[in-house]
Amino acid sequence: MTNEQCAQVFDRIADLMEIKGEIIYKTLAYRKAAENIRSLAGSLKAIHQQGKLMEIPGVGKAIAEKIEELITTEKLVFLEQLETEVPVGLIDLLQVPDVGPRKAALFWKQAGVTSLSELEEAVKSGQIRGLVGMGEKSEQRIIVGIEALKRRGHRLNLDTAQGIANRWLKWIRSQPGVERAEAAGSLRRWKTTIGDIDIVAAVKDSGAVMAALAAHPDVQRVLGSGENKSSVELPGGINMQVWTQPPERFGTLLQFVTGSKDHNVALRELAQKKGLSLSERCITTTDGKELLFADEELVYQALGLDWVPPELREDHGEIKVAASHVLPVLIQLSDLRAEVHTHSNWSDGINTIEEMARGAMARGLMTYAISDHSGGLGIAGGLKPEGLKERQKEIEVVQKLLGGAITLLGGSEVEIKADGSLDYDDETLAWLDIVVASLHTSLRQPREVITARLVNAIRNPHVDIIGHASGRLLPNREGADLDWDIVLQEAKDSGVAFEINASPSRLDLDETHVRQSVEMGIPIFINTDAHAVDQLDNAVYGVSVARRAWLKPEQVLSTWEPEKLITWLRTPKSERRLL
DNA sequence: GCCGTTTTCGGCCCGACTGTTTTCAGTCG
């Protein structure tokens, strides 16, 4: 029972309870618990063993007991009972836009609907019309909603979503009367994957903008349109919301749409305690006076808080820290000084060593390692040990050419083979300046097997960094089923480092494991895994993961100057220290 | 079901938009 599986159980409970008609605050409690379990650094199993389940925010006696039952028996009687009371197929109905728990219950109790396909049938045969509050338009919305659900693609990777949002921002900023426009929502918080695209705009007369949006040739259909908010579907089943307020209210709007929901709820509760009411329009005082904010910083200030970087807005303690004025100064792209996981045309990269090194220099880096694939990974044209020696000659030539402005290292991304052995012998590994060890194949091995395989690489005295540890591919491929309690403890004991692989389709380690690693004293790098010069720009996505993990620059070894980093690399692995 | 610099009981964010309604309920973010 992983944390994610446990969180899914509680989300399922919340869905079923809502349809059943339980009081909303119970279901909210289960959802809150699920959310907090998802973002836990440690495994529930380990937390349970330490007897600390109730220290998880949102977990009280009742939910702690259910977690314990799930961990020890792999099932939950409470859920099984619930599933006999409410047809589980109704959960799918909640995915249909404009269908929530009340309508799902209505369709179930009044029309005998127990699944999505039965709902579609019921609507088409006219069974839904005539139910309380259901008219012709409701009927149409359900049909359109089910079709949209079928069209709807998976979540978007960050770079894709940014590209789409930037094109729309350019368009919206060019509209008459638009003074400011920004991407908000999960995109502004740099979440790993993006569901909907949210755009906020400061505009005096929003009617014209909303009309122009509805008429835009790339808008497939308008899902809803009002004075302050429009929702449209873009090609590929992507949904976009556009929110507007007059310029003097832009600060509260940007704050609200940036979210997260949990952060906003916590912020509004804090406002309440201060006798204020916070909305996307303004802050209202007890005597009904509206305070307007053109800038977001001033909204936080008005609540007695420091401005919270969007990456931290998940209700993970940031509000309390902002109130105490001790928010961390988070790492930024410009802090990076080293890149140690990249590929040249000596393996499957596009560019030469010189081109890559110049690209690194142009981005302000001072240490740069080429770490081409090892020989065993056939598809990547990996290097045999002899090839490494040849490549080293070229590295030395380029080093001479570029002088002292950048320090070049000869490295490898060595394959961890299916049997757990490494693709080079120890002599070759010892000869390299830096070794990144990665899993690429047989990622579906059973937990014990793949964990042992990774542990073997972690323990090798010549392996400096574990590359993209989980092997996940965003947005859809899950990572390997690793026992993270073991992996992290072994990493700590061995002195190996982890990377945040900055490729937007990896972002691996994820933020929760990054945070736990740093708390345990495991070194962290941010690496692009670039196979071409322009991919060095992906570093910004790696930085976003570090920021969401609350990391300061000094906690990431990629910010270290060459001398310090190379001294660290030359120190025997077991003796390495972080300072 | 959780939680407490007003509370261990009585609260639990707030507004926009829609449809079916003559004042509101449901959904969404």
Side-chain angles (χ1 to χ4, degrees), chain A residues 10 13-14 17-19 21-36 53-67 78 93-107 128-142 144-145 184-186 189 195-200 206 210 222-231 239-245 249 252-253 255-284 290 303-304 315 319-320 323-324:
Chain A
F10 289 135
I13 288 174
M17 284 174 79
E18 259 188 340
I19 296 168
E22 281 279 7
I23 57 167
I24 191 70
Y25 298 112
K26 276 195 185 189
T27 67
L28 279 175
Y30 280 103
R31 286 198 202 287
K32 185 86 185 164
E35 196 51 43
N36 286 326
L53 284 178
M54 283 179 66
E55 289 180 22
I56 301 168
V59 174
K61 189 160 174 287
I63 292 182
E65 279 171 3
K66 291 183 177 71
I67 295 172
F78 179 79
L93 267 57
L94 303 179
Q95 299 301 310
V96 181
D98 301 317
V99 176
R102 310 302 291 267
K103 286 185 190 168
L106 179 75
F107 302 150
I128 294 303
R129 191 182 302 208
L131 296 184
V132 183
M134 289 294 131
E136 192 180 345
K137 285 189 176 175
S138 299
E139 218 170 43
Q140 276 309 308
R141 279 182 92 85
I142 292 169
V144 166
S186 50
R189 304 200 312 278
D196 298 346
I197 291 175
D198 290 292
I199 305 273
V200 293
S206 70
M210 294 308 195
V222 178
L223 307 169
S225 184
E227 195 187 346
N228 297 113
K229 180 187 167 188
S230 279
S231 182
N239 283 2
M240 178 171 76
Q241 270 82 242
V242 176
W243 312 69
T244 62
Q245 284 289 336
R249 297 182 191 266
T252 38
L253 178 67
Q255 192 291 313
F256 167 69
V257 183
T258 298
S260 66
K261 188 178 179 64
D262 288 341
H263 175 84
N264 284 355
V265 169
L267 210 57
R268 288 172 176 201
E269 284 172 354
L270 175 73
Q272 269 198 329
K273 284 184 190 146
K274 294 178 183 290
L276 303 168
S277 170
L278 169 66
S279 77
E280 59 265 49
R281 303 182 67 252
C282 60
I283 290 178
T284 311
E290 288 193 346
L303 298 171
D315 193 26
I319 291 175
K320 197 170 275 184
S324 308

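Values below: every heavy atom of this structure, side chains too, minus hydrogens, waters and symmetry copies. So that the names make sense, note that chain A is the first sequence line, chain B the second, and so on, each numbered from 1.
- B/dC13 and B/dT27 are spaced 16 Å apart, taking the C1' atom of each and rounding to whole Å.
- Atom name C1', nucleotides B/dT23 and B/dT18: the rounded distance is 15 Å, in whole Å.
- Note: CD1 (A/Ile19) to C1' (B/dT27) measures 14 Å, nearest angstrom.
- Nucleotides B/dT8 and B/dC3, compared at atom P, are 16 Å apart to the nearest Å.
- For A/Lys61, the side-chain contact (heavy atoms from CB on, under 4.5 Å) test picks out A/Met54, A/Glu65, with sequence neighbours left out.
- Between A/Glu280 and A/Arg249, none of the side-chain N atoms (NZ, or NE/NH1/NH2) sits under 4.0 Å from a carboxylate O, so this pair counts as no salt bridge.
- Every side-chain contact (heavy atoms from CB on, under 4.5 Å) that A/Asn264 has, sequence neighbours left out, goes to A/Gln255, A/Phe256.
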A correct 5'-to-3' footprint of nucleotides 13-22 of chain B, with B, S and - meaning base, sugar-phosphate only and no protein heavy atom under 4.0 Å, is BBSSSSSS--
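- The two atoms that bring A/Ala104 and A/Leu94 nearest to each other are CB-CD2, 4.2 Å, heavy atoms only.
- Rounded to a whole angstrom, the distance from the C1' atom of B/dT7 to that of B/dC17 is 36 Å.
- Cation-pi check for A/Lys66 over A/Phe10 is not met; the charged atom does not lie both under 6.0 angstrom from the ring centroid and within 45 degrees of its normal.
- Atom CE of A/Met240 and atom C1' of B/dG29 are 16 Å apart (whole Å).
- Nucleotides B/dC14 and B/dC9 have their C1' atoms positioned 25 Å apart, rounded to a whole Å.
- Only the C1' atoms considered, B/dT6 is 23 Å distant from B/dG1, to the nearest whole Å.
- Nearest to the side chain of A/Arg102, among B/dG29, B/dG1, B/dG26, sits B/dG26.
- Look at CD1 on A/Ile23: it is 11 Å from C1' on B/dG11, rounded to the nearest Å.
- Each of B/dT27, B/dG29, B/dC2 was ranked by its minimum atom distance to the side chain of A/Gln241; first place goes to B/dG29.
- Between A/Lys32 and A/Asp315, at least one side-chain N (NZ, or NE/NH1/NH2) sits under 4.0 Å from a carboxylate O, which counts as a salt bridge.
- Nearest approach of A/Leu267 to A/Leu303, heavy atoms of both residues: CG-CD1, 3.9 Å.
- The interatomic distance linking A/Lys32 (NZ) with B/dG1 (C1') rounds to 13 Å, in whole Å.
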Please write out each protein N/O paired with an N/O of nucleotides 3-5 of chain B under 3.5 Å, distance rounded to 0.1 Å.
unit_1 : atom_1 : unit_2  : atom_2 : d
B/dC3  : OP1    : A/Gly58 : N      : 2.7

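- Within 90° of 0 lies the glycosidic angle of B/dT7, which makes this nucleotide syn.
- B/dG15 and B/dG10 have their C1' atoms separated by 25 Å, with the value rounded to a whole Å.
- One atom, CG of A/Leu253, and another, P of B/dG29, lie 15 Å apart when rounded to the nearest Å.
- Per the geometry, CD1 belonging to A/Ile67 stands 13 Å off C1' belonging to B/dC2, to the nearest Å.
- A/Lys26 comes within contact range of at least one nucleobase, with a heavy-atom separation under 4.0 Å.
- The distance between atom CD1 of A/Ile142 and atom P of B/dT27, rounded to the nearest whole Å, is 10 Å.
- For the side-chain contact (heavy atoms from CB on, under 4.5 Å) test, residues two or more places apart in sequence or in another chain that qualify with A/Arg31 are A/Asp11, A/Ala14, A/Asp15, A/Glu18.
- When the C1' atom is used for both B/dT21 and B/dG26, the distance is 13 Å, rounded to whole Å.
- Distance alone, capped at 3.5 Å, is enough to place a donor-acceptor pair between the A/Arg189 side chain and the A/Thr258 backbone.
- In this entry B/dG10 has B/dC3 as its Watson-Crick or G-U wobble partner, both defining distances falling under 3.5 Å.
- Within 6.0 Å of the CZ atom in A/Arg102, the count of heavy atoms belonging to other residues, nucleotides or ligands does not exceed 12.
- Not counting sequence neighbours, A/Glu227 has no partner by the salt bridge (charged side-chain N to carboxylate O under 4.0 Å, His left out) test.
- To the nearest angstrom, C1' of B/dG26 lies 15 Å from CG of A/Leu93.
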